Amino acid sequence: MALAKIMIVDDSRTSRKLMRTILEKNDFEVVCEATNGEEAFLKYKEFKPDAVTMDITMPKMDGIEALSLIRKDDSEARVIMVSAAGQREKMVDALKRGADDFVTKPFEEEKVIHTLKDVLKLG
Ligand SMILES: [Mg+2]
């Protein structure tokens with residue numbers, strides 16, 4: 001049985017694939033993927049994942065806006081932001097808007113899993 005159901009949000013196919021590999025290898029179930037903020041918001045409501053990994057820079061609607069929408073809709077949502085190097089300001093903005101934590105690209109497996117378990121209180 002999976003530890004938790006996760007939604008991966010990222011406009012980069014490579015990043016989504018890498019994240020999926022890390023999560024599945026560590027007993028998480030990826031219930032869906034989204035490639036922009038708008039899709040993320042709709043799929044969040046449809047799939048009700050236990051946690052979301054949310055890229056910041058995406059077309060149509062970025063991760064910060066999607067975070068705000070999801071948070072407004074579900075105050076219990078668990079959202080971990082994904083940032084590239086040099087996005088410190090956006091990270092601070094996301095945390096102010098209710099992001100639970102963040103991880104940076106390139107992904108480090110241990111850091112990603114530790115952060116998710118921490119946010120989901122899985123010890
Ligand atoms: Mg991106």
Side-chain angles (χ1 to χ4, degrees):
M1 196 172 140
L3 289 176
K5 296 175 193 299
I6 313 295
M7 171 167 80
I8 297 171
V9 185
D10 203 307
D11 61 321
S12 154
R13 181 197 295 259
T14 307
S15 291
R16 290 197 308 274
K17 205 173 166 194
L18 266 171
M19 182 61 91
R20 175 183 282 272
T21 301
I22 290 172
L23 296 181
E24 290 179 346
K25 193 176 149 194
N26 288 275
D27 299 326
F28 286 95
E29 181 187 351
V30 178
V31 283
C32 63
E33 296 183 6
T35 59
N36 64 63
E38 194 181 288
E39 198 188 339
F41 179 58
L42 296 174
K43 285 196 171 169
Y44 183 85
K45 295 212 280 190
E46 184 183 348
F47 289 89
K48 287 285 175 199
D50 299 308
V52 180
T53 64
M54 179 77 80
D55 182 32
I56 291 188
T57 310
M58 294 183 291
K60 280 192 199 169
M61 184 193 290
D62 71 14
I64 293 184
E65 210 174 318
L67 161 71
S68 297
L69 286 180
I70 289 172
R71 188 44 86 241
K72 212 181 283 177
D73 196 62
D74 178 4
S75 61
E76 302 280 287
R78 296 282 165 258
V79 183
I80 292 167
M81 305 306 287
V82 173
S83 77
Q87 290 191 304
R88 208 190 132 73
E89 230 170 88
K90 287 193 171 173
M91 235 41 260
V92 172
D93 189 20
L95 291 170
K96 271 189 209 153
R97 293 186 193 219
D100 291 283
D101 210 331
F102 63 91
V103 294
T104 51
K105 292 181 187 179
F107 299 132
E108 286 172 53
E109 181 172 340
E110 256 186 60
K111 168 74 178 153
V112 169
I113 296 306
H114 179 84
T115 303
L116 256 179
K117 285 186 173 173
D118 196 49
V119 161
L120 287 164
K121 301 187 180 8
L122 294 172

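Just follow the structure's listing: the first ligand is 1, and inside any ligand the first atom is 1. As the structure is a computational prediction, the values presented were derived from the model and not from experiment.
Sorting the N, O or S atoms of Asp55 by how far they are from the Mg ion (ligand 1) puts OD2 first. The name of the N, O or S atom in Asp11 nearest to the Mg ion (ligand 1) is OD1.
Ionic pairing of Arg16 and Glu33 is present here: one or more N-O contacts between side-chain nitrogen and carboxylate oxygen are shorter than 4.0 angstrom. At a threshold of 4.0 Å, the pair Asp118-Arg78 does not count as salt-bridged, since none of the basic side-chain nitrogens sits closer than that to a carboxylate oxygen.
The shortest distance between side-chain heavy atoms of Asn26 and Val112 does not fall below 4.5 Å.
The Mg ion (ligand 1) has an N, O or S atom of Thr57 closer than 2.8 Å.
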Could you go step by step and tell me if Lys17 and Asp10 meet the salt bridge (charged side-chain N to carboxylate O under 4.0 Å, His left out) rule?
CA-CA 10 Å; Lys17 205 173 166 194; Asp10 203 307; over 6 Å; no
